[in-house]
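Here is the structure we will look at.
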Amino acid sequence: MQFVIWLSVAVAATLIAARMGAFSGTAPTNLGLRDGKFKPPSKTPNSVSSQASLWPDHPQREAAAIAPLALVGDGPATIARLAAVIGAMDGARIVEQRPDYLYAQFTSRLMRFTDDTEFWFDPVAGVVQVRSSSRIGHGDLGVNRARIEALRQRLAGA
């Protein structure tokens, strides 16, 4: 019986800590583009990047690789449509939006984990490059990949 009480207290304390932001991590200060590139994927399996191939010696290059998003109209129109789709998603917050760039944060409902997601209209390739990464933890159970694939489908059907 005492074990059940201690377990209940531990679960409650964890949930309270999560609600207070203990698992949200700190926003990265090095997001954005540098010479037409996002920062590399995470060194742990909790991110995806359509530019993973630009980092040939990266330990998670292949695991992080994801296709860029196809344009729906031109680049700025695609970014605007992405912003509309993301703005309607639970736990999503658009932090920065320009005609060629979008930065959004996604926060999970229960544990309040936060993922940082960037989109950039690449005029040379004619696509929207994407990078999405969890702030903390080793893995993400495929959450970032699933979210980008869901956005891809919503964007195509929007």
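The structure displayed is predicted, hence computed values, not measured ones. All residue numbers refer to positions in the sequence shown, counting from 1.
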Margin query: Is there a side-chain contact between R93 and T107 in this structure, where contact means two heavy atoms from C-beta onward sitting under 4.5 Å apart?
Written below: no

Margin query: What I'd like to find out is whether the side chain of M89 reaches to under 4.5 Å of the side chain of L151, using heavy atoms alone.
Written below: yes

Next item on the list: Output all residues satisfying salt bridge (Lys or Arg N to Asp or Glu O under 4.0 Å) with D35, sequence neighbours left out; order by chain, then residue number.
Entry: none

Margin query: As a quick check of understanding, evaluate side chain to side chain contact (heavy atoms under 4.5 Å, CB included) for V130 and V48, giving each step before the final call.
Written below: CA-CA 8 Å; V130 61; V48 294; 5.8 Å; no

Next item on the list: Indicate the ring-plane relationship of F38 and W120, choosing parallel, tilted or perpendicular according to the 30° and 60° boundaries.
Entry: perpendicular

Checklist line | Identified side chain to side chain donor-acceptor pair (under 3.5 Å) counterpart of S134 within the set D115, D116, T114 | finding: D115

Next item on the list: Please name all residues satisfying side-chain contact (heavy atoms from CB on, under 4.5 Å) with A67, sequence neighbours left out, ordered by chain then number.
Entry: R152

Next item on the list: Assess whether side chain to side chain contact (heavy atoms under 4.5 Å, CB included) is satisfied between L102 and V128, documenting all intermediate values.
Entry: CA-CA 10 Å; L102 179 68; V128 172; over 6 Å; no

Next item on the list: In sequence, state the C-alpha distance, the side-chain angles, and the governing distance for N144 and S133, and then conclude on side chain to side chain donor-acceptor pair (under 3.5 Å).
Entry: CA-CA 7 Å; N144 280 292; S133 181; 5.8 Å; no

Margin query: As an exercise, state the distance from CG of L54 to CD of Q129, rounded to the nearest 0.5 Å.
Written below: 7.5 Å

Item checked: Side-chain donor or acceptor of S42 paired with backbone N/O of T44 under 3.5 Å -> no

Checklist line | Heavy-atom side-chain contact between T78 and L69 under 4.5 Å | finding: no

Check: Hey, are the side chains of L33 and E118 touching, using non-hydrogen atoms and a 4.5 Å cut-off?
Finding: no

Checklist line | Single-linkage hydrophobic cluster, 4.5 Å side-chain cutoff, V85 and L71 together | finding: yes

Notebook entry, point to check: Are T117 and I148 close enough that some pair of their side-chain heavy atoms sits under 4.5 Å apart?
Noted result: yes

Checklist line | Side chain S47, main chain P41, donor-acceptor under 3.5 Å | finding: no

Check: Measuring from D100:CG to I79:CD1, what's the distance to the nearest 0.5 Å?
Finding: 7.0 Å

Next item on the list: First locate atom CZ of R131, then atom NZ of K39, and finally report the distance between them rounded to the nearest 0.5 Å.
Entry: 5.0 Å

